[in-house]
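Notes follow the structure.
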Amino acid sequence: MWIRWSDFWLPADRQACIRALAEALDRAGRERVDFACPGGRGRTGTAMAAVAVLDGLAPAEAVEWVRATYHPRAVETWWQRRWLTTVAG
């Protein structure tokens, strides 16, 4: 699935993105799920952190986890980090 999401920003349709990421989390239990963007850090890292939040991590912990296990500069902007609190509900 594709999510319209400009570099360094947030998804164009944030609620649709959350639904898509929730579906990815569900599918990950039975098949491989990949995340990718051209730069491979900001949007990819934010999507990965959002899935971790949907799976129960606190937003700050999700960012720390993605930075420790994927890329140290993942989730590049403060508004991407802030958006994760929306994902948390």
Side-chain angles (χ1 to χ4, degrees):
M1 76 190 71
W2 293 95
I3 298 170
R4 270 189 44 220
W5 192 336
S6 296
D7 200 12
F8 297 106
W9 292 98
L10 298 174
D13 185 336
R14 293 174 188 114
Q15 291 305 313
C17 179
I18 292 170
R19 288 190 302 274
L21 294 173
E23 180 184 336
L25 175 60
D26 179 60
R27 290 173 59 187
R30 58 187 183 280
E31 62 188 85
R32 182 182 172 131
V33 175
D34 291 318
F35 298 94
C37 68
R41 288 189 304 271
R43 292 168 288 183
T44 298
T46 303
M48 292 171 68
V51 169
V53 168
L54 291 170
D55 199 36
L57 279 181
E61 291 175 303
V63 172
E64 289 176 20
W65 174 75
V66 169
R67 288 179 174 173
T69 61
Y70 173 65
H71 194 285
R73 292 189 324 217
V75 191
E76 295 175 309
T77 66
W78 69 268
W79 48 87
Q80 289 171 337
R81 289 189 303 275
R82 184 173 178 198
W83 179 66
L84 294 171
T85 62
T86 302
V87 174

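In this text the structure is predicted, and so the values were computed from the model without any measurement.
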Correct closest heavy-atom pair for Val75 and Ala49 would be CG2-CB, 4.2 Å
Mind listing the side-chain donor-acceptor pairs of residues 82-89 below 3.5 Å, one per line with the distance, residues two or more places apart or on another chain?
residue : atom : partner : partner atom : Å
Thr85   : OG1  : Arg82   : O            : 2.5

Side chain to side chain contact (heavy atoms under 4.5 Å, CB included) partners of Glu23, counting only residues at least two apart: Met1, Arg27
I need the full list of salt bridge (Lys or Arg N to Asp or Glu O under 4.0 Å) pairs touching residues 40-69, with sequence neighbours left out, sorted by first then second residue. Asp7-Arg43, Arg41-Glu76
Keeping the roles fixed (side chain from Thr44, backbone from Cys37), state whether a donor-acceptor pair exists under 3.5 Å. yes
Using side chain to side chain donor-acceptor pair (under 3.5 Å) as the criterion, list what pairs up with Arg4, not counting sequence neighbours. none
Excluding sequence neighbours, so at least two apart, what forms side chain to side chain contact (heavy atoms under 4.5 Å, CB included) with Ala47? Trp5, Leu21, Phe35
Enumerate, atom names and distances included, each donor-acceptor pair closer than 3.5 Å involving a side-chain atom of residues 8-20, sequence neighbours excluded.
residue : atom : partner : partner atom : Å
Asp13   : OD1  : Gln15   : N            : 3.4
Asp13   : OD1  : Ala16   : N            : 3.0

